[in-house]
Amino acid sequence: MKAYSVIPEPVSFRIFSDSPVFTLTDALTLEGTDRAEGCFQELLSFIKDVFCVEVLSCGKEKIRMEISGEGASEGYSLKVERDRIILTGNDEKGLFYAVQTLKQLLFQSEGSLPAMEITDYPRFSVRGFMLDCGRYFFTVDAVKQFIDMMALHKLNEFHWHLSEDQGFRCQLEDKLLLTEIGSYRSHTNFNSIPHEGYYTKADMLDVINYAHSKYIKVIPEIDSPGHVMAMLAAYPELACFPRDFSVSTFWGVKHDVLCIGKESTIDFMKEVYGELAEIFTDGVIHLGGDEVPTVRWKSCPDCQRLMKEKGMKDESDLHTDYLDTIGPFLQEKGIEVRMWNDRVKENMTDKSLTWQLWNGEMKKEEVVKELNSGRKFVLSCSDYFYLDLPYARTSLEKAYDFDYEAEGLTAKGEKNILGIEACLWTEFVPDMLTADKMTYPRLAAM
């Protein structure tokens, strides 16, 4: 009996025969709920693009789409019977994922399927992919291509990394210099080739609407208070020691960060994140918050004054104070706030900020302690899910082998693991050819 693969592997997958009982032709009848219109179009476009078949008339082969309104969100069932296929989604998202499974099956079978039955629902509510457009700019069409592949693999969150030391890519109407100045760098590392690009508000809304048509949330990230050289090039007054800054041309962590001691800096960032929240309406914003050197803060009179006023023990407390200020500002707008973990900050008692686990500086027992205390996590363990890493370091086999239970990330706080996210950082990914090579098939493994 021929084997068929579905990604991700379904909860239940039974094949009842070896010979085909359904064959795709141009005489295909589509029937079902009006709420399935988008799914019908998704399937018809696939059939036309892959099989060069344009459905022209109604015939005996039928594909029916239904929504049950019961069971786990995003769950579905797929049944292949004599001359018909029945797709039933627990909700609209589930029906969409049933169509993605059918697309995978039709592609493998060249349009002829045996009798089978599939039932599936997600293990995690968050199944994400992050694209770093700060280091290298990717066009709107390229971003949509990533979203298409996310949908095919039933991923549901697109994390859009929009700012870096090397480029600010998100046009904000109240802060136009961020892109007028911050989106351009003179060269990259040791070459002499300028690099530039940014997304207008219309571009971002286009991407958001496209992602929503695939039931994918869009989560923007403007990184702060570190990784802000492009921001400082546009608005140098945000630094502890203002001077003429340039957008970074080399990779690596920079000493110049936002000046936490100036109230004007905090007001500026609230305006930035406030406008970002008006564009991206899916209710989640990522603050970044990682890799923040404190060397400038040690000699900054404004930062030292704030530390004294608030009784802070060392400069790392300024980092925590910033996150504990911007986080609640966004949460008051009904937004879930995420940030990268770097290390355990003992005085960061606010458990409402979701941490994205990426590095090894935070010991596993510390992660479990945070999970048990109520901290929510998204897992992006770099050794497994950083897609920019060479295959010699993170092989396809290793990517498939990840098991958060084997990693020791369990205990009673397991319910606080929201899900997993693969990340494509682009320091060494300058184009789509390289991006495709690094992303696939490891994204499928995730």
Side-chain angles (χ1 to χ4, degrees), residues 3-13 74-75 97 100-101 104-105 107-108 118-132 146 149-159 161 290 338 340-342 354-372 375-429 434-446:
Y4 292 88
S5 297
V6 174
I7 299 175
E9 184 179 359
V11 172
S12 173
F13 189 173
E74 301 182 296
Y97 295 137
Q100 304 313 307
T101 293
Q104 293 183 27
L105 293 169
F107 184 81
Q108 294 173 71
I118 294 174
T119 301
D120 200 15
Y121 49 85
R123 184 179 184 184
F124 295 115
S125 63
V126 171
R127 307 178 303 281
F129 169 74
M130 189 218 75
L131 177 64
D132 168 17
F146 281 111
M149 293 302 291
M150 288 180 63
L152 184 63
H153 291 89
K154 306 184 183 77
L155 305 185
N156 64 357
E157 288 192 357
F158 174 52
H159 177 176
H161 190 82
D290 62 320
R338 295 185 189 169
W340 302 103
N341 81 290
D342 259 349
T354 300
W355 283 4
Q356 188 160 351
L357 181 66
W358 70 275
N359 69 0
E361 292 180 23
M362 191 173 182
K363 298 177 181 178
K364 291 174 184 176
E365 55 266 28
E366 294 172 333
V367 177
V368 172
K369 181 179 178 181
E370 287 290 324
L371 283 167
N372 290 340
R375 175 84 63 195
K376 289 183 169 53
F377 278 81
V378 174
L379 303 183
S380 294
C381 304
S382 56
D383 284 345
Y384 296 92
F385 296 137
Y386 269 25
L387 303 176
D388 55 303
L389 296 179
Y391 281 84
R393 176 172 171 179
T394 303
S395 66
L396 180 61
E397 181 180 8
K398 182 176 181 179
Y400 268 110
D401 279 348
F402 177 76
D403 185 333
Y404 77 97
E405 294 176 340
E407 291 291 301
L409 305 178
T410 54
K412 66 180 182 181
E414 180 176 342
K415 66 181 184 301
N416 289 324
I417 297 176
L418 300 181
I420 54 179
E421 178 182 291
C423 303
L424 181 63
W425 299 102
T426 60
E427 288 96 331
F428 303 102
V429 183
T434 309
D436 285 345
K437 174 185 175 182
M438 303 308 290
T439 303
Y440 313 108
R442 288 188 293 187
L443 186 66
M446 188 278 290

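Start at 1 with the first residue, then count along the sequence.
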- Query: Taking atom types as modelled and ignoring hydrogens, do the side chains of Glu74 and Asn156 form a donor-acceptor contact shorter than 3.5 angstrom?
  - Reply: yes
Contact summary for [X] and [Y], nearest pair of heavy atoms:
X      : Y      : answer
Gln104 : Leu152 : NE2-O, 3.0 Å
Ser380 : Gln356 : OG-NE2, 2.9 Å
Arg127 : Pro122 : NH1-CB, 3.4 Å
Pro10  : Ile118 : CB-CG2, 3.7 Å

- Message: Applying side chain to side chain contact (heavy atoms under 4.5 Å, CB included) to Met438 and Arg442, what does each step give before you reach the verdict?
- Response: CA-CA 8 Å; Met438 303 308 290; Arg442 288 188 293 187; 3.4 Å; yes
Let me have the donor-acceptor pairs involving side chains of residues 387-399, under 3.5 Å, with sequence neighbours excluded, atom names and distances please.
| residue | atom | partner | partner atom | Å |
| --- | --- | --- | --- | --- |
| Tyr391 | OH | Lys437 | O | 2.7 |
| Tyr391 | OH | Tyr440 | O | 3.3 |
| Arg393 | NH2 | Asp383 | OD1 | 3.2 |
| Thr394 | OG1 | Asp383 | O | 3.0 |
| Ser395 | OG | Lys398 | N | 3.1 |

Find out whether [X] and [Y] are in side-chain contact, i.e. whether some heavy atom of one side chain is under 4.5 Å from a heavy atom of the other.
X      : Y      : result
Thr354 : Phe377 : no
Leu155 : Leu443 : yes
His153 : Pro8   : no
Pro441 : Tyr400 : no
Leu357 : Cys381 : yes
Val6   : Leu105 : yes
Tyr97  : Asp120 : no

- What do the steps show when you test Phe129 against Leu424 for side chain to side chain contact (heavy atoms under 4.5 Å, CB included), and what is the final call? CA-CA 8 Å; Phe129 169 74; Leu424 181 63; 4.0 Å; yes
- Task: Evaluate the side chain to side chain contact (heavy atoms under 4.5 Å, CB included) criterion for residues Ile417 and Phe124: first the C-alpha distance (whole Å), next the side-chain angles of each, then the deciding distance (0.1 Å), finally the verdict.
- Result: CA-CA 8 Å; Ile417 297 176; Phe124 295 115; 4.0 Å; yes
- Would you find a donor on one side and an acceptor on the other, under 3.5 Å apart, between the side chain of Glu421 and the backbone of Val378?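 Side chain of Glu421 to backbone of Val378: no pair is present.
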- Is the shortest side-chain N to carboxylate O distance from Glu370 to Lys376 below 4.0 Å? no
- Item | Distance under 6.0 Å and angle within 45° of ring axis: Arg338 vs Trp355 |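 No, a cation-pi geometry is absent between Arg338 and Trp355.
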- Query: What is the distance from atom CG of Leu418 to atom CD of Glu157, rounded to the nearest 0.5 Å?
  - Reply: 8.5 Å
- Message: Taking side chain to side chain donor-acceptor pair (under 3.5 Å) as the definition, give me every residue that meets it alongside Lys154, ordered by chain and number, with sequence neighbours left out.
- Response: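 For Lys154, the residues satisfying side chain to side chain donor-acceptor pair (under 3.5 Å) (neighbours in sequence not counted) are Thr101.
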- Query: Ring centroid separation for Phe402 and Phe385, is it under 6.0 angstrom?
  - Reply: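 Phe402 vs Phe385: aromatic centres under 6.0 Å.
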- With a 6.0 Å cut-off on ring centres, are Trp358 and His159 close enough?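 Between Trp358 and His159, the centre distance exceeds or equals 6.0 Å.
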- Task: Anything under 30° is parallel, anything over 60° is perpendicular, the rest tilted; go ahead and classify His161 against Trp425.
- Result: perpendicular
- Item | Atom CD of Glu9 with >12 non-hydrogen neighbours under 6.0 angstrom |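 Count not over threshold, so no.
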- Look at atom OH of Tyr121 and say whether more than 12 heavy atoms of other residues, nucleotides or ligands are closer to it than 6.0 Å.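 12 or below, so no.
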- Using the side chain to side chain contact (heavy atoms under 4.5 Å, CB included) rule, take Phe158 and Leu131 through it: C-alpha gap first, then chi angles, then the decisive distance, then the call. CA-CA 8 Å; Phe158 174 52; Leu131 177 64; 3.8 Å; yes
